[in-house]
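See structure below.
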Number of protein chains: 4
Amino acid sequence: MPDRIDLNADVGESLGPWPMGADEALMPFLSSANIACGFHAGDPLTIRRTVRLALDAGVAVGAHPGFPDLLEFGRRAMSITSRELEAVVLYQVAALAGIARAEGGRLVHVKAHGALYHHVSSDAAAGLAFATAVARLDSGLAIVGPPGSAVLEAATELGLRSLVEGFADRSYEPSGRLRARDLPGALHEEPEMAAAQAVSIAREGRVTAVDGSVVPVAADTICIHGDTPGAPAIASAVRRALEAVGIEVRSACA
Amino acid sequence: MPDRIDLNADVGESLGPWPMGADEALMPFLSSANIACGFHAGDPLTIRRTVRLALDAGVAVGAHPGFPDLLEFGRRAMSITSRELEAVVLYQVAALAGIARAEGGRLVHVKAHGALYHHVSSDAAAGLAFATAVARLDSGLAIVGPPGSAVLEAATELGLRSLVEGFADRSYEPSGRLRARDLPGALHEEPEMAAAQAVSIAREGRVTAVDGSVVPVAADTICIHGDTPGAPAIASAVRRALEAVGIEVRSACA
Amino acid sequence: MPDRIDLNADVGESLGPWPMGADEALMPFLSSANIACGFHAGDPLTIRRTVRLALDAGVAVGAHPGFPDLLEFGRRAMSITSRELEAVVLYQVAALAGIARAEGGRLVHVKAHGALYHHVSSDAAAGLAFATAVARLDSGLAIVGPPGSAVLEAATELGLRSLVEGFADRSYEPSGRLRARDLPGALHEEPEMAAAQAVSIAREGRVTAVDGSVVPVAADTICIHGDTPGAPAIASAVRRALEAVGIEVRSACA
Amino acid sequence: MPDRIDLNADVGESLGPWPMGADEALMPFLSSANIACGFHAGDPLTIRRTVRLALDAGVAVGAHPGFPDLLEFGRRAMSITSRELEAVVLYQVAALAGIARAEGGRLVHVKAHGALYHHVSSDAAAGLAFATAVARLDSGLAIVGPPGSAVLEAATELGLRSLVEGFADRSYEPSGRLRARDLPGALHEEPEMAAAQAVSIAREGRVTAVDGSVVPVAADTICIHGDTPGAPAIASAVRRALEAVGIEVRSACA
């Protein structure tokens with residue numbers, strides 16, 4: 001039985017004068033922070049402040065690159081060649097890595113955001129371009145992605161560490177896939193449900209799907225969505241529940 | 001008598017579908033390339049291609065950060081706090097450094113662009129913020145700036161290497177300052193004049209000013225402007241003239 | 001004794017996924033809305049939604065153009081030629097005017113934002129460029145600005161209507177100027193104080209300055225700052241106080 | 001037999017310091033100019049200068065809105081809701097319309113650019129959103145699009161004028177569709193071939209396809225691509241050839 005799990009969330013999603021998320025409240029409950037890199041959210045001041053926040057809380061610093069798309073927050077699907085994808089990811093992750101270094105820390109992992117997350121998960125060429133950019137920058141970095149995704153396969157192929165991601169606050173279909181956001185019951189808004197699911201994933205490698213069936217969900221790291229109003233409460237409940245059953249919350253790369 | 005000099009130019013100033021400059025023609029004559037970082041010019045694909053071009057030509061890779069200002073090409077003066085300046089420079093230089101590393105090279109020097117160049121040269125707090133960003137990222141980097149500038153003083157203070165910059169294709173006033181661009185005779189458009197001035201700076205540490213007087217101009221590196229139509233011809237003439245008198249053209253950090 | 005006054009606020013300052021302000025709560029208390037145009041805040045969807053909100057509330061639609069500067073929200077001073085200023089204002093105001101027309105309304109007034117407001121108020125050439133852009137687009141538009149400002153002088157000269165602006169929630173110096181934001185007592189955070197000052201301006205054309213002296217402040221329109229947490233409460237108190245003494249709150253152009 | 005035809009080209013595609021196209025050389029041969037609106041190319045100064053150029057040459061002013069995508073020049077497919085599409089088009093066309101008015105002219109037609117052109121041509125909801133934005137702004141505007149396209153059907157439905165577009169410098173397949181750009185023979189680079197095809201379309205409503213067959217191609221307006229090096233020579237040859245056979249080159253809306 002596993003005795004540890006990683007807990008990650010997307011942070012650093014403010015932009016200039018526009019705040020987003022509750023990074024300070026959320027940070028103490030995390031072991032890994034995915035920090036927006038300036039293309040779909042974030043800006044140099046926000047990135048630096050968020051890196052500082054993570055390092056001060058002992059949270060592993062991750063880069064969270066996205067498509068160049070502020071207005072739709074990187075959630076807009078767009079066509080992109082492998083060459084451009086590689087360059088765009090390289091630029092964003094390099095910026096994050098340098099700022100982490102300037103703050104006395106180091107970049108540990110990379111996770112794609114929004115529409116880029118879906119694209120590199122489902123498209124083999126895109127997954128390879130993403131993993132190639134990361135590997136060329138630093139072969140010691142880990143990549144976070146969904147189980148069986150193109151990007152994790154490419155990461156493994158290139159000798160990078162792959163971290164499979166599960167979700168505490170999203171419900172699963174009997175197929176083992178996440179339930180689509182626009183369907184009823186897609187989100188576990190009650191902290192207790194998210195906490196129970198996190199414990200089930202971390203301890204037993206399985207969840208109860210929306211139809212009551214039990215499906216296997218192995219995960220190296222569990223994601224808490226940071227952009228919901230109750231995110232800190234959910235994160236707190238998840239962390240307490242995990243620790244209550246003797247599971248240590250720790251970066252998968254620590 | 002010095003037997004070597006550095007020859008630098010600003011490159012990588014294209015943007016997406018809009019080409020600028022003659023980087024391929026210019027590169028063989030340079031020893032140092034200042035590559036735009038995406039805020040006043042450049043984009044991830046352009047940066048990567050330009051880094052590759054420099055490395056293939058054996059030219060030292062430099063970062064050329066600027067103000068966030070595409071429409072006026074970073075030539076627009078703007079107010080910026082030291083905190084923001086530091087973050088904005090850190091972000092840009094970190095991106096360039098990572099891309100250089102991904103291409104199998106390394107970042108060697110940093111030179112501010114346009115209005116940022118003037119700001120960090122003349123304002124002590126801005127010069128310190130700029131040098132601090134560079135030093136925090138990598139204390140092995142050199143900073144390029146005008147003689148006696150705030151940014152070079154700060155660089156020295158922080159233990160960074162300072163590279164004093166002279167100009168081959170701009171004329172000097174008797175005061176030792178560059179002649180303002182909008183005055184007649186500000187530019188040496190004939191390659192021979194630029195070449196003669198470069199030799200005079202490199203060998204004798206002095207130039208003939210616009211009034212015929214001779215003024216001291218010591219320089220570790222000589223700048224060729226890359227954005228004029230005749231830039232490659234000027235660079236070629238300068239390099240040939242220097243080598244003809246036995247001065248090696250080499251990165252100051254090589 | 002005047003029996004009416006205009007009450008304006010800056011709105012439409014959200015950007016894509018980032019909300020700002022409390023436009024829906026604020027709108028019922030206003031007679032004029034200054035809507036951000038996409039350069040320092042706002043985007044096409046936000047602009048359209050805000051225009052709709054204003055028209056539905058019977059509030060006069062105004063354009064609130066700013067410098068191209070999302071990260072510092074248009075509050076960053078920057079150099080700009082008169083030619084560029086004119087074009088940048090023309091573009092933003094034209095976009096707003098067209099969206100107002102598409103929603104079945106019309107653009108009524110224009111007020112510069114942030115650093116552009118200060119620039120066109122204090123610099124004669126900039127004030128003229130701003131007023132020229134507005135006049136060339138539509139000579140029926142009014143311009144809002146501080147008393148004695150360059151932009152209002154230019155507006156008058158060009159045959160545009162000038163609207164002098166006073167402030168309900170900012171304190172005044174004995175000189176009649178606004179107290180600088182970073183000094184103590186610069187803001188009237190209590191709704192009652194803002195309300196009393198608005199009534200004093202509207203009815204008597206004067207305010208009590210920070211030192212207790214009484215200074216003349218004539219105004220066609222009174223500004224409520226929309227970006228403070230208590231903005232709707234202040235706006236509500238101001239409007240009620242004005243109406244309680246028989247002053248109608250109405251667009252100066254209605 | 002028709003005795004007139006419209007000749008259009010995409011212009012105003014420079015951005016800040018980056019020139020593109022040969023607008024001044026091209027303009028005298030056109031009857032309609034499609035001017036980029038700042039989202040995929042163009043900026044306030046460029047737009048204004050290009051509107052002035054068109055008006056001075058007696059060329060009809062059109063808006064050429066595109067996706068928000070400078071780096072790929074609006075040629076990148078992206079997902080967009082009808083609501084956002086409508087707002088984004090409204091904003092761009094309104095800006096262009098206002099600048100045309102400020103220069104003493106008026107906006108005459110609207111043509112989508114790049115990936116937006118393809119999207120509104122092939123997707124019914126997108127075509128309707130595009131035409132709705134145009135119609136709400138000004139029901140006197142014409143929309144330019146390919147024959148049988150969704151956007152032209154929507155335009156007709158909404159009571160807007162539809163202008164069917166043919167191409168002088170692109171070859172046609174036997175199906176009547178344009179030959180894909182990446183296939184051999186897709187472009188007529190020789191001015192004479194483009195000129196002959198333009199005459200054939202204008203006079204006979206048909207072209208000789210790549211396989212030698214003759215296919216019907218009716219067109220109200222013929223497009224010349226402005227972004228090729230030989231664009232002015234092609235435009236000149238096309239115009240001379242049309243006039244030589246007695247066909248007047250004139251805006252379809254004049």
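Here is the naming used below: chain letters follow the sequence lines, and residue numbers restart at 1 for every chain.
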Ring pair (Phe, Tyr, Trp, His ring centres under 6.0 Å) between C:His225 and C:Phe167, worked out:
CA-CA 9 Å; C:His225 288 94; C:Phe167 290 83; 5.6 Å; yes
Output the option from C:Ala95, C:Cys37, C:Gly98, C:Gly38 having the highest count of non-hydrogen pairs under 4.5 Å with chain D.
C:Ala95
Are a donor atom and an acceptor atom from the side chains of D:Ser251 and D:Ser31 found within less than 3.5 Å of each other?
no
Is it the backbone or the side chain of D:Arg48 that comes under 4.5 Å from a heavy atom of chain C, or both, or neither?
side chain
Using 30° and 60° as the class boundaries, would you call the ring planes of C:Phe73 and C:His113 parallel, tilted or perpendicular?
perpendicular
Counting only heavy atoms closer than 4.5 Å, note whether C:Leu96 contacts chain D via side chain, backbone, both or neither.
neither
So with a 6.0 Å cut-off around CD of D:Glu248, is the heavy-atom count from everything else above 12?
yes
